[in-house]
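Only one structure is covered here, and it is reproduced in the block below.
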Amino acid sequence: MQFTLSAQPPFSLPAVVRSHGWAQLAPFGIEEDSGRLTYVVRLESSRVVALAIGEAPDGVSVEVDAELDPLEQTEVGGMVSWMLGLDQEFDAFYALAQEEPKLARVVERAQGRLLRSPTLFEDVVRTISTTNTQWRATIRMNAALVDHFGAPLAADPARRAFPTPEQLAVLDEAALRSEARLGYRAPYVLELAQAVADGTLDLEALKSTAMPTPQLRKRLLAIKGVGNYAAANLLMILGRYDFLPIDSWALKMVSREWHDGEQIGPAEVEAAFARWGEWQGLAYWFWAWEE
DNA sequence: GGTAGACCTGGACGC
DNA sequence: GCGTCCAGGTCTACC
C-alpha cells in the first residue's frame, strides 16, 4: 500500500538522507534505481514490514510492502514523520544563516533536518556504536546487530528490523561482543536495553519533553557509554542544537579553519560557534568546511 | 575539576 | 603470516 505525508516547507528528502551517515546503517538502505530511502521496521503488533520513502509534492510518499490497518498506518505515518522531521521548521536558523557565506547554501538546500531512527533507543545504540571507532566498524556493528538479533521480514527473511530493547535485554554480554562485535560497548548496550525493556528508563518520553537542554543533556550523560560527544549528537537528533558534538574531526576542521592547523581543544571549537547560540549545533554541522 | 590509563577493534606497517 | 602500533570517545581511579 502507499500513502503520502506532507512536510513543513522547505523540505528536501535528499537533504535529510544525506544529513549524516545514518542512511548507511542497517536496516536503512537506499534503492539504487529510484533513490528512495528504505527501512525495515517491527510494528507494535510485532509485524515486520518494509518501507520505501520517496519524494512527493509537498512531502513524501511511503510505500509499504503490505496492507496496513488504520491503526498500523497511523503508527507508520507517525514514525516516518519523526524519522524525517517532517514537522520541523528552521526559519530562525535560516534567517541567521543567510548572513553567513559559509552557511548560505543551507537555505537553498533546505538543510537542517537530521535523519533519525524511529525510536530514541535505536539512536542511542547507533550513537554508542560511532564512538571510539571508525565509520566502517560502525556500519559493521549495526549490520551485525540487525542480522543476528533483529526480527525478519516475512516476505524476505534476509532483511531484518533493528532489534528492540526487549530482544537485546535477554542476551548476554558475550553474545553482543562476539556476534555484534560491540567490544567494550557490549555491557553499555545491554544495560541500556535492560533499563528500557523493564521500564526503568523511558527514552521515548525524551522526544517530547519540555525539559531545558542542559537538564536533558544530563539525562543522556547518565547513560553508560554516552559522553560529551554522544550526548551532543543525541541532542541534535532531538532537535536541540545548543551543544556541539566535538570529536577528533571537529578539532581538525576548526583548527584548519581558524587556527592554522595548530593543536586545539574543545574550548576552541565551542568558542568558534558560540555566537550561533541555540543554533550552534546546526551551524557547525552544515558549515562549508574546506576539505 | 582535571588527567592518565584502560577499554576493543581493525587497519597500516615493518619484519 | 605474525607482531606492533595507532586511531577513535568514554569510563574509572586517582590527584
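Letters A, B, ... are given to chains in the order of the sequence lines, protein chains preceding strands, and every chain is numbered from 1.
- Looking at heavy-atom distances under 4.0 Å, A:Ala230 makes contact with sugar-phosphate atoms alone, never a base.
- For the pair A:Arg113 and A:Phe11, the cation-pi criterion (under 6.0 Å, within 45° of the ring axis) is not fulfilled.
- The main-chain N or O of A:Ala205 is never found under 3.5 Å from a side-chain atom of A:Thr209 such that the two would form a donor-acceptor pair.
- The stretch residues 126-139 of chain A touches DNA chain C through A:Thr131, A:Asn132, A:Thr133, each having a heavy atom within less than 4.0 Å of the strand.
- Within residues 241-265 of chain A, the residues that have a heavy atom under 4.0 Å from DNA chain C are, in order of number, A:Asp247, A:Ser248.
- Residue pairs meeting the ring-ring contact (aromatic ring centres under 6.0 Å, His included) criterion with at least one partner in residues 35-87 of chain A, sequence neighbours excluded, are A:Phe28-A:Tyr39.
- Residues that satisfy the ring pair (Phe, Tyr, Trp, His ring centres under 6.0 Å) test with A:Tyr241, not counting sequence neighbours, are A:Trp279.
- Side chains of A:Glu268 and A:Trp258: no donor on one and acceptor on the other come within 3.5 Å.
- Checking A:Asp65, A:Val40, A:Val41 one by one against A:Leu51, the side chain to side chain contact (heavy atoms under 4.5 Å, CB included) holds for a single residue, A:Val41.
- Around CG of A:Asp260, the count of heavy atoms belonging to other residues, nucleotides or ligands within 6.0 Å does not exceed 12.
- Taking five base pairs at each end of the helix from B:dG1-C:dC15 to B:dC15-C:dG1 and finding the rotation axis that steps the C1' atoms of four pairs onto the next four gives two axes whose angle is 30°, to the nearest 10°.
- Note on A:Ile223: only backbone sugar-phosphate atoms sit closer than 4.0 angstrom, heavy atoms only; bases stay farther off.
- Residue pairs that meet the side-chain hydrogen bond (donor to acceptor under 3.5 Å, both in side chains) test with at least one member in residues 181-194 of chain A, sequence neighbours left out, are A:Asn132-A:Tyr184.
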